> 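One structure coming up, written as structure tokens, with questions to follow.
Order of the sequence lines sets the chain letters (A, B, ...), proteins ahead of strands, with each chain counted from 1. Predicted, not measured: the structure shown is a model, and the values here were computed from it.
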Amino acid sequence: MDSALIPEGAKRCSFPKFTIGIAIVGAVVLWGVYAMFLCWFKGLNQTNMNDYYGFALWIWADLAVIAVGGGAFFTGLLRYIFNVDELKNIINFAVIIGFICYSSALLILAIDIGQPLRGWFIFWHANVHSMLTEVAFCLSCYFAVLTIEFIPNILENRQANKVPFFHHLAHNMHGVMAVFAATGAFLSFFHQGSLGGVAGVMFGRPFAVREGLLIWPWTFFLFTWSAAAFGPSFTLLVTRITEAVTGKKLVKDNVIHLLAKISGWMITTYIIAKIIDTIYWTYVTIPSLGFKISHFYTNNSFYGYWILITEIIVCGLVPGLLLINKSTRENPNTRLLAIVLGVIGVCLNRWVMVLQIMAVPVMSFDTWALYIPSWQEMATSILPIAYGVILISLAYRYLPVFPQELELNQPKADQ
Amino acid sequence: MSKIENKDENGSMDGAGDGTAGGPKDDKGLGLGIIFFLVAFLICFLSGWLLFPKLLYSKKEQPFNFDHVLHSEEVGDCESCHYLREDGTFSGMPKLESCMECHTDEPMGETEDEAIFAEEYVAKEKEVPWFVYSKQPDCVFFSHGAHINAAGMDCKSCHGPIEESVASRPYEENRITGYSRDIWGKSIWGIKKHSWDRMKMDDCAKCHKQETGHQGYCFQCHK
Amino acid sequence: MKVDRRSFLGLGLGAVAGVAVSPVGMKLTDDSSIWTQNWPWTPVPVDGEVTYDSSVCSLCPGNCGISVRKIDGRPVKIEGLDGYPINNGGACLHGIAGLQYLYDPTRVKTPLRKNGDKFEKISWKEAISLVSGKLAEIRKSGSPEKLACITDKTQGSVSQLFNHFLTAFGSSNYFDMPSLESFLELTAQTLHGKGKTLGFDLENSDFVLSFGAGLIEGWGSPVNCFKANASRKERHAKLFQIEPRLSNTAANADKWIPINPGTEADLALGICAVMLKKNLFKAGKFKGSFNKFVAMVQKEYSVTKVAETTGIKANEIEKIATLFAKAKMPVAIPGKGRGNGGQSLKEFAAIHTLNCLAGSLNKKGGAFVMAMNEYLSFPKAIMDEVAEKGAGKTKIANSVNELVEKLNGSSKPIVDALFVYNANPCYSLHDPKRVKQAFQKIPFVVSFSSFLDETAMEADVILPSNTFLERIEDMPSQAGLARNVIGLTRPVMDPVFDTRNPGDALISLAHGLEGTIAESFEWESYEECLESVTADVWDSLSEEGYVLVSQGPPKGNPIVDFTYLSANPSTIQAQGDLELMLIPIDNMRLTGTAPMASPFAIKTVSDKVLTGTDIVVEINPMTAKGLKDKGYATLTTPVGSAKVKINFNEGIMPGVLGMVKGLGHTCDNKFVSNKGVNVNDLIGPVIESGSGLDAAFGIRAKISKA
Amino acid sequence: MIHDKKAHKFGMVIDLDKCTGCGSCMVSCMSENNVPFKEDESRKKDSITWMRVYKLTNGKSFPDTEVVYMPRPCQHCGGKGDHGHSPCVSVCPATATEYGHDTGIVSQIYTRCFGCRYCMGACPYHARYFNWWDPEWPEGMENYLSPNVSPRMRGVVEKCSFCYHRYQAAKDKAYYEERETIEENEYQTACATACPAGAITFGDLNNPSHKVHQIVKPDPHPDPMNKDVVGKSRNPKIFRLLERLGTNPKVYYLSEREWVRKAGDNYLDGEWDKVKNHHGSSSHE
């Protein structure tokens, strides 16, 4: 019944089936939206945050989605600036994922602040010294860029494309996309970084504070780097999931391998940098403030050394090496393992850089603070995922997201 | 007729696009489009400019008219009623008590406003519920002492030539914020001709920058 | 002509563009945020002219001078009054939070009458005629002594007005709540004779030997003690604190000497023994078998014996004795905690004897034997024969606790009507259950409380009093102060509710009763009464706000009578035989007596004392076998049991459990009530023979994982 | 204007040996600054107390246990090198909190704050509090609220202001009497005036005639051991909380007990004995 909208020649599941699927996920969305309105109308007492935990699950969710959304800008950068042509076959999808991640991030921020109606003060009364100001500006600008990058793909919809104006628009936009890609890359570099800076500049929090270059602490560069490294992994992961769900091959292996390889090298180099940073922090930064590393990983019921090892070795070094190594990279199972580990790794890193910072006592007579999010917090954090699923399904169903789809799914008699 | 329309057509990007795309050849539609655009634009723009303020602000009449000219002739300058207390705080609107230094429940003049004052307030010993045009919100700390004594400013530069008023204009209150309209200023565009036309924070900051070389720290004016 | 898609497109675009370039967007964005800055449900305090009133706080016996900041007559802040002879500036948290009492959710807003189990509002006129009617019946029945009265103290014109009322009515059954004042008076009476009380010159003493006196936990006149304690540093004075638990006082002291609970008297007498043996004492006007006393302590309180009972090493005891005796201006302070809980006369007497032996009596930095305040001159009550007859009858009991025993003991009502003023016996006495029982046996209870507290709940009629900020009253200093000050509490505002000064209520009651009682109350109002009974000091009192009656050591060396102690009265034993000892803790941030703590005060209470609605009990990890820190446990005593939380505390003796006083209120105030348990529910009274005091310093208990 | 004549640097020193933990300072602060209260205030992690009194113990077991109380207002940090980049001020995205170079006081503007809570994360002293709830007073109780401090709405951060409104009041009086300066006793915080033990001394650290300056004797030169640290006390008995972080608080603490002074900061094993006697160089007296 919606066949008129479906890309020419592409096979999609029946409309009722599709609707049911959407309805199920939609229910989750509604749940999240309900929680969202509770927070807006009743205030943040709906959460389990407290004065020790001013930053909590939401900020983590923000950092995490933005990190994994990094695939968009990095792939864009490679595709349009470094002209890695194969990537045109996955760039659309990378952009959609980025769009989802960033729109979610903005939404969560809008819930997270105590006075949403004053949110615009961050622009109007901006404090240039604050990393958060930098985040806000770059984030919203880059979101605009992503939207622009997304539009052509939407306009390529069978019906939209019939309108000559849209047709030309889409065409012309593709032409100038390099400009936006460049802008996007530039903006992303800064807001990914400033998100890292958010933690790094807290010189009252020895667990977070880092020395750095000019006004930017090392976490600034580590965050950008890790986003560029793990972002593509996430793009691959979601592609893999989509392929599994649709039961179709959507992107050619050489493209996958290429992106995996790039991701692998980025991860490995990042993790080396991260290890150096950790060592420097352990042996130079914190001792000068009177702390031993054990202070941050013992005497509490949750945060142990395991979290450090998991983040750096299991979910950092391992996926990195797996993706560098040709055989493991091209083996679908080990590759999947690697990208899953990688995504977990980057999320874990963001977790540590938000929640553990808050948990660690600084005053000698203070105590560890642990917190469990309220259902409202969880619901609003799950909301983006559900919303993402819906958007991806719609995009996949009605837009020519994967240029190689048709070619890869020719009906062949002998197969 | 058609001439104009042609002009329209060539003048319009859309038209051009249409032409090439071989869209409907109905020029009227296009002309209408523009007319509709202009009409809608004008209606919305004008209502946003002229009607919106009418809806945004509610008018409130003062309990009765107050004649500043008459009073300043009788009792002298502003300070005789709006004075600084000994602890340096500002007395603001005079309390009934200080009015009754002259007034009794027997009107001294013939004005019906004074009659109201005598009957409704002096006789009943009720404070007059004046609406204060220059009322700042609770978050603002304003030291009249700093401006009058230390900086030697006159009342007019912020309050305007109020001593020339012979009657009280209606008080306009913003329905959303509860602010007096004088804070944002009469002009919905926020345009000011005199220093007293607007009383927003930026106006304070601007003057502070000029006079003290520093726009001032938040705590100087916020509590 | 045809209106097609493009026309609507134009319409839409035009509208959007039109609004966009109009001021609407900008203005609404700005206003919406300004709206959040001025939410109508966030109160906006009205500004106005600032004035200051000075008065005297009467929340506790401390009677500090206070300065109340007002905005256009509306009180907004209470602070200590500079230059006031008691506190000179500082104030305690309860006084500073005083304004909250004005609007406390439990305020009694109008006179109330109990109807079934609910209260209903009545007018003052109804209330007065109702009460005086009932009282008239009692007098008709010919046994006026069946009217009893409980107040917080005996000093001051309001308390004495109650007494005056009873006398005129024909009853001698006037009782005051156990308080440091009453104990000191009794001690002075026992050792130095009638009409005397004790004061301690803390701010000059160079060696303070405190037997658990919470000098910074609200003992005596709190702020005065705080200041004296703080000045130690400059004066190089020493404070030795003797108690089973590391209280704030102990923590702040130069030395903390842990002692087995309830053995303070033994230690004091042990120290006496040492001083006498080593001839470290200064002879004074010792009367009443001093030698017998000497022999007794040498025999019964030898250092070894005392070391045994108190758990303090023998050489330690001797060291303390020597330090104390050799100090220039030593003083020994009795009264565990705030000194108003369960206390024994033996302990007070024994400890004060140290002062007598050290020659600290009426010396700078020592203990002052002071005459009771006698600035009030009430006219003699006029008594008709009914009154005479009633006055002839002997007093039912010697103390509130004894009264409660008697009431519960007898089947027929021995009290027909009871006045309760400024006291909350149904909460603050040990084992309040029995107090409530006793109250239920009284046909007609009249409460003069400002708040609907546990005791007011038991009343049949409430004649609500003004709070201390709404009324005038004289405030004689007491509480072991080394100077004698009469302060004047003055109204800083009109009553918030339809309440009256208790004095006025009493006067209208008397007038309601007519006859000789009315004649005994010929004043029109309490203020007039106050003015007349304080005639000699009224002028300076009303002008200055206070009168400094006496300061510095009193003249002369008082006699010391050893008769009571030389008979070696037996030391109080805690009730029960369980393995642990539960002791109540006085915490400066809570109040164990009326009025209960304010919301602000409760807010400051540590989560190591109260978490949610759970009370936290202190226990030494050594004792806490099988218990988890912060875990739940069941605490059981012979009197009751309660679910509590555990706090491992190295600052409390093994074998001892500490539970804070002042929680577990049951009145209708969600900020203060239904938090934790009332420690008094777990402790039963132990009456000391001879003094009739409830001397329960604690109770045997056991604790097990819940 | 008065404050431009010479920059003040208001601060306080708290004598921990005198502090009795009585709580007067906390309540005086709450009542002075219209701090709200709610049903359960035992959850200290969401209980607003601008001035909070911590209880410290020396960790020894019975009977050697010692306890000390440490009142903790906002430390009004000067930030690294005392240049005014306090941990919280530098991170606030909307300039809702600001370092007053004229007073050294860190402001908090409730109507500007939009509740991102970044400042709370940045403050190691937990001196900043978020209004998780709308403030509510029992019926009638809002009548005791003071007009000098505006009540906060839900969703914004608040903290100790060193009773700035009292400074304003003192200045107003000075303006009226046409005085250039205000006296030491004209501007005192609510906690300082309330303290019954007189443990809190408040004043201008830049003014040698003020008690606080005379007690603290701040060393205007950077600490040779840590250039971020400025204004270290020249009195070895005086310390600041987490001084090594370079936050440069304006609240100093005084204690005769070594374990208390040590508890004020973090030290590696054996480090304390090296640094304990290091304090602001007396050469600049």
> For the CH2 atom of C:W35 and the OG1 atom of B:T177, what is their distance to the nearest 0.5 Å?
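Rounded to the nearest 0.5 Å, the CH2-OG1 separation comes out at 12.0 Å.
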
> Mind ranking C:L28, C:V21, C:V44, C:L13 by heavy-atom pairs under 4.5 Å with chain B and telling me who comes out on top?
C:V21

> Give, for atom NZ of B:K200 and atom CD1 of C:I34, the distance between the pair rounded to the nearest 0.5 Å.
4.0 Å

> What's the separation between atom CH2 in B:W49 and atom OG in C:S22, rounded to the nearest 0.5 Å?
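Answer for the CH2-OG pair, B:W49 versus C:S22, is 11.0 Å.
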
> Looking at C:A15, C:A20, C:G48, which one has more heavy-atom pairs under 4.5 Å with chain B than the rest?
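That would be C:A15.
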
> So for B:L56, is it side chain, backbone, both, or neither that comes closer than 4.5 Å to the heavy atoms of chain C?
side chain

> With side-chain contact (heavy atoms from CB on, under 4.5 Å) as the criterion, how do C:V16 and B:F41 come out once you've worked through the C-alpha distance, each side chain's angles and the decisive distance to 0.1 Å?
CA-CA 7 Å; C:V16 173; B:F41 178 88; over 6 Å; no

> Quick one: CD1 on B:I43 to CG on C:L11, what's the gap to the nearest 0.5 Å?
8.0 Å

> Do B:N174 and C:D31 have side-chain atoms, one donor and one acceptor, less than 3.5 Å apart?
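A pair is found: one side chain offers a donor N or O, the other an acceptor, under 3.5 Å apart.
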
> State, yes or no, whether a side-chain contact exists between B:I188 and C:V24 at a heavy-atom distance under 4.5 Å.
no

> I need the C:I71 CD1 to B:T89 OG1 distance, nearest 0.5 Å.
8.5 Å

> Are any non-hydrogen side-chain atoms of C:P45 and B:D138 less than 4.5 angstrom apart?
yes

> Between CG of C:D30 and CH2 of B:W184, what distance do you get to the nearest 0.5 Å?
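Rounded to the nearest 0.5 Å, the CG-CH2 separation comes out at 5.0 Å.
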
